[in-house]
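Only heavy atoms go into these numbers, but all of them, side chains included; no hydrogens, no water, no symmetry mates.
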Amino acid sequence: MDTTLRDGEQTSGVSFSAAEKLTIAQLLLEELNIDRIEIASARVSEGEFQAVKGITSWAEERGYINRIEVLSFVDGGVSIEWMKKAGAKVQNLLTKGSMNHLTHQLKKTPEQHFSEIAQIIALAKENNIETNVYLEDWSNGMRNSQEYVFQFLDFLSTQPVKRILLPDTLGVLIPAQAFEFISKITAKYPHIHFDFHAHNDYDLSIANVMEAVKAGINGLHVTVNGMGERAGNAPLESTVAVINDYLPEVSINIKETSLYTVSKLVETFTGYRIPANKPIVGDNVFTQTAGIHADGDNKNNLYFNDLLPERFGRKRKYALGKTSGKANIEKNLQELGLKLNPEDLKLVTQRIIELGDKKETVTKEDLPYIISDVLDSHTYQDKITIESYILIHSKGTRPSTTLSLNLDGEIIEEHAQGDGQFDAFMNALSKIYKSKKLILPKLIDYAVRIPPGSSSDALCETIITWVNNGKEFKTRGLDSDQTVAAIIATQKMLNVIT
């Protein structure tokens, strides 16, 4: 049972519009093939009412209405009336699963609470509404007041309840407790359907889910991307992967290849960003960074596990950075249909490592630019080098540059202003060349571009077209800073004309 639209919406700062709720409900049921979805809490707001009405109307037409569930309350029938008007047919009735909650929040005896619950269940049945029952704070109830929990379950076993929902409301269980507590309950009540609702406060939700399944639980509650209050709920995507790979005795029908698509859509709707290292759906989880791993993948897939990205509609990537080896780069070149000889590959690898040392991220789309820059740089020898420069651009003053140039072994410094940083740089360079009675080529075109499809801002390419003695030629510069890239292209020009 997915509760992204109810418990997941309790993530701080998250609120779905009615249209977004309907879209997610449709994807969960039709694209992912989730068995049931919990879509709202009764009585919350007029907007929530309209959202539920929209979903139930659509679900009624598709024959899904009994797969749509709403959280309700022991409130004398107010929730039942709200659900009737909204068109909902299944209530998940919130009750107290620990003596602590019952005594201090409701200030009632078990008998009083059970009597009120029985009235709500009977009223729901009269109105053709199916009832599931949440035992709020059940995990603490099992830890501190088991006698009450079993008294409650004995009572519920006499009621027309379809499912009993066991939440680890505060995320306090460890795996051994999850197995112990659920085993006790499933052994004593073998004919009752029990769901486990895990929270992730200790980052143990998936471990607890595994133990719950081993203990004989009948249903699990999850959310897309693990959304939910505080540290969130058991994430749908990890739950599906773990069950499919490690609990073969359990058969589920979730469509794995759609998990990533739905995950990204929910991320877009909520603005709740998925951590890059989040299993299954994080940006980095199918990316190999170390060169030794890429090399191993070339040799009988030594670094593959059962979590193949294709299962989830994704592709394996090989990151490019300071830990990249030639194998990483070769993997990316293969995807681009490119091949380099060993010497050129070594030069390109070194350039990528240099960029990595500057904490810049390089993508596959950047590779052709790097290759062009590196190979172009080795078609001539650097006889003229720009030793240093200071670029100043501040409000209220003209941009200026102080340039230090190594010209035939002589260090020459010059300062100039211009209409922009690069213009100031070129004016300073012109002063140096004029002092030596040398002529610079004319700049006739200046273009800047980033690799199409690149997902990083690590690199931009500046291409400058020059005219020297009536002949046009181009030089390229590659850097994360546009002006620096132009300066690199200019240094290449100085060596081309030497």
Side-chain angles (χ1 to χ4, degrees), residues 1-8 10 28-29 32-41 66-72 89-98 117 121 124 130-142 149-150 152-153 156-157 159-173 175 177-200 204-224 226 228-229 232-236 238-240 242-243 247 250-254:
M1 191 269 278
D2 183 280
T3 182
T4 302
L5 298 176
R6 198 278 298 174
D7 212 353
Q10 291 178 198
L28 290 171
L29 291 175
L32 284 177
N33 199 31
I34 294 287
D35 297 307
R36 301 142 50 206
I37 59 173
E38 188 176 47
I39 63 170
S41 299
N66 290 325
R67 295 166 67 182
I68 307 294
E69 303 176 6
V70 171
L71 183 75
S72 62
K89 298 292 186 182
V90 182
Q91 71 163 337
N92 292 338
L93 184 63
L94 189 66
T95 68
K96 297 304 179 183
S98 71
I117 292 168
I121 293 172
E130 191 176 274
T131 298
N132 304 318
V133 178
Y134 267 117
L135 272 61
E136 186 181 16
D137 202 36
W138 161 82
S139 50
N140 273 319
M142 289 298 289
V149 173
F150 283 101
F152 196 174
L153 293 175
L156 288 176
S157 68
Q159 297 294 308
V161 171
K162 185 159 187 180
R163 302 178 185 89
I164 298 174
L165 319 177
L166 309 176
D168 182 13
T169 305
L170 299 179
V172 297
L173 291 182
Q177 291 173 325
F179 181 83
E180 177 192 348
F181 296 159
I182 292 170
S183 293
K184 283 184 179 180
I185 287 172
T186 56
K188 186 170 182 181
Y189 307 98
H191 303 300
I192 296 178
H193 179 115
F194 290 100
D195 281 2
F196 178 54
H197 180 109
H199 276 262
N200 202 36
L204 291 172
S205 63
I206 293 299
N208 288 336
V209 160
M210 289 184 73
E211 294 306 304
V213 173
K214 293 174 186 176
I217 205 71
N218 307 109
L220 297 168
H221 295 187
V222 295
T223 60
V224 175
E229 202 161 21
N233 294 38
L236 163 66
S238 297
T239 299
V240 169
V242 162
I243 289 175
L247 299 166
V250 177
S251 176
I252 57 174
N253 299 311
I254 308 301

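For R67, there are no side chain to side chain donor-acceptor pair (under 3.5 Å) partners at least two apart in sequence or on another chain. Taking the side chain to side chain contact (heavy atoms under 4.5 Å, CB included) definition, one finds that S205 meets it with A198, N200, A234, P235, sequence neighbours left out. Every residue two or more places apart in sequence or in another chain that forms a side chain to side chain donor-acceptor pair (under 3.5 Å) with E211 is listed here: K214. Judged as a side chain to side chain donor-acceptor pair (under 3.5 Å), and not counting sequence neighbours, the contacts of E136 are K96. Every salt bridge (Lys or Arg N to Asp or Glu O under 4.0 Å) that E38 has, sequence neighbours left out, goes to R6. Checked against side chain to side chain contact (heavy atoms under 4.5 Å, CB included), E180 has the following partners two or more places apart in sequence or in another chain: K184.
Distance check, rounded to the nearest 0.5 Å: CG of L135 to OG1 of T169 gives 9.0 Å. Note: I217 CD1 to N208 CG = 11.5 Å, rounded to the nearest 0.5 Å. With rounding to the nearest 0.5 angstrom, the CG atom of L173 is 5.5 Å from the CZ atom of F196. Remark: R36 CZ to L28 CG distance equals 13.0 Å, nearest 0.5 Å. Here the CG-CG distance, from D35 to D2, works out to 10.5 Å after rounding to the nearest 0.5 Å. Rounding to the nearest 0.5 Å gives a distance of 6.5 Å between OG1 of T95 and CG of L156.
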Between L220 and I243, does a side chain to side chain contact (heavy atoms under 4.5 Å, CB included) hold up when you go through it step by step?
CA-CA 11 Å; L220 297 168; I243 289 175; 3.6 Å; yes
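Looking only at side-chain heavy atoms (C-beta outward), L153 and K188 stay at 4.5 Å or farther from each other. Side-chain contact between I164 and I185 is absent, with no heavy-atom pair separated by less than 4.5 Å. At a threshold of 4.5 Å between non-hydrogen side-chain atoms, the residues I34 and L236 count as touching.
Residues V90 and N66 share a closest heavy-atom pair of CG2-O, 3.7 Å. What you find for T131 and A124 is that their closest heavy atoms are OG1-CB, 3.6 Å. The minimum heavy-atom distance between I121 and V161, with the atom names listed, is CD1-CG2, 3.7 Å. The two residues A215 and I182 come nearest to each other via the heavy atoms CB-CG2, 3.7 Å. Looking at every heavy atom in both residues, S139 comes nearest to F181 through O-CE1, 4.2 Å.
A donor-acceptor contact closer than 3.5 angstrom is absent between the side chains of H221 and D7. No side-chain donor from either of N233 and T223 sits under 3.5 Å from a side-chain acceptor of the other.
In terms of modelled atom types and a separation under 3.5 Å, the side chain of N132 and the main chain of R163 share a donor-acceptor contact. Between the side chain of S157 and the main chain of I192, no donor-acceptor pair closer than 3.5 Å is present.
Results of the side-chain contact (heavy atoms from CB on, under 4.5 Å) test with L94 over L71, L165, V133 single out L71 as the only residue that passes.
Heavy atoms from other residues, nucleotides or ligands lying under 6.0 Å from NZ of K162 number 12 at most.
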